Amino acid sequence: MTVDVLISEVGLRDGLQSISPIMRTPDKQAWIAAQHAAGCREMEVGSFVPASLLPQLADTAEVVRYAVGLEGLCVAALAPNLRGLQDAAANGAHKVTLPFSMSETHSLKNLNKTHAQVLAEIRDCVGYLGELPEHRRPQFEVSLSTAFGCTLEGPVPEYRVLNLSEQAVELGVDEVSLSDTTGYGNPRQLKRLVHGIRGNCGAEKLRGVHLHNTRGQGLANALMAVELGITTLDASLGGIGGCPFAPGASGNIVTEDLVFMLESMGLSTGIDLAALIEVRELVRASLPDVELFGFTPDAGLPIGYRAA
Ligand code: ZN
C-alpha cells in the first residue's frame, strides 16, 4: 500500500531513551506488533550505543531482529558511529540514522566529536556500506540534529546547516533529515532550511523531518513540512519522553494527533487511528508511571471522522 505521508514511529527510541524506567523486551515487541497491526510501516526501534550509556535501549539488537520479521515494516535504528552501523546492519536493520549535530558544542558533548570528525565517521560508514552486498545494505540517513537551535549554543546559523548537509551528501549518504532536537523551530525557519538544503543537494536527498513539541510548534512545523512535500515525519506514540525542562510538553510530536491531522486533511498514512489509540494501553500497562500525551486520544474521534 502506498501512503501520502509515511509516519516513522520513534517512541521506542527517542521516547524510551528519555525516560528512566526500562521497558521489558517482550513489551517492546508487543508494542511494535500492535502498532504494525494498526498500519504503521516504519519504526525506529532502538539505538546501537553501549548499554552503559542507554540501558533503556540495551536490547536494541534483539528488538531489531524481532521487528524485521514483521511483513512490510521498515525497521530503523540509530547509530552514532561506524561500530553502531555495523551492528545495525548485522542485525538486519533496513535503515540506519547517524545523528550529526549542527552545533559543534553539542556534538562534542554528545558524541565527543568535532564536525570534521563526524564527517570522517560518515565517510567510513559510506565506505563500509559500499562493500556490503545490496540485499544486506541498509539505507543510510544522516540526521541534522539541533538544526533549529541548540540548548548549549543558542541559534544555529542556517548557512552552517546548509554547508554541513551538503558535505554529508557529497560523501554519499542516501539522504539527510532535518531534526528539531530542541523544539526551537518555527514553520518559516523550517521552510527556509528545506528550500536551502534542496537547492544545494537536490529534493530527493531531503524527505524526512524529526520534530519535537517542546514549545507547542510541532504540528505547525509538521504541516509546513507536508506542504513543502516532505513525505516522512517522525512522531512518537503518546509523545512519550516529554521534556524535562517543559512540564506538560510532549517529547516528539504525538503520533495519534499527527495521524488525525493528516487523515482529516485527506492525506493517507495507512494507520487505523482507533487501533493506534488502543496501542496506548499496552504502553500504559508496561510503563504505569510514564505520562502519555495527545489531544486526540483524550477528546476521542469526532463524529463522522473518515480516514483519507
Ligand atoms: Zn528527537
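Fair warning: this is a prediction, and the values are worked out from it, not measured in the lab. We count ligands from 1, going down the list as the structure has it; atoms in each ligand are counted the same way. If you read the sequence from its start, that first residue is 1, and numbering goes on from there.
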Open item on the list: My understanding is that only residues two or more places apart in sequence, or in another chain, count here; which of them pass side chain to side chain donor-acceptor pair (under 3.5 Å) with R65?
Closed with: N91

Open item on the list: Could you check whether R13 pairs with E44 (Lys NZ or Arg NE/NH1/NH2 to Asp/Glu carboxylate O, under 4.0 Å)?
Closed with: yes

TODO: Using only heavy-atom distances, determine whether the side chains of T146 and S101 contain a donor-acceptor pair under 3.5 Å.
DONE: yes

Task: Non-neighbouring partners of Q167 that pass side chain to side chain donor-acceptor pair (under 3.5 Å), sequence neighbours left out - done: N163

- [ ] Under the side chain to side chain donor-acceptor pair (under 3.5 Å) rule, collect the residues that match up with E42, sequence neighbours excluded.
- [x] S8, K95

Open item on the list: Are H212 and Y184, when compared by the centres of their aromatic rings, separated by less than 6.0 Å?
Closed with: no

Open item on the list: Less than 2.8 Å away from the Zn ion (ligand 1), how many protein N/O/S atoms can be counted, ignoring water?
Closed with: 3

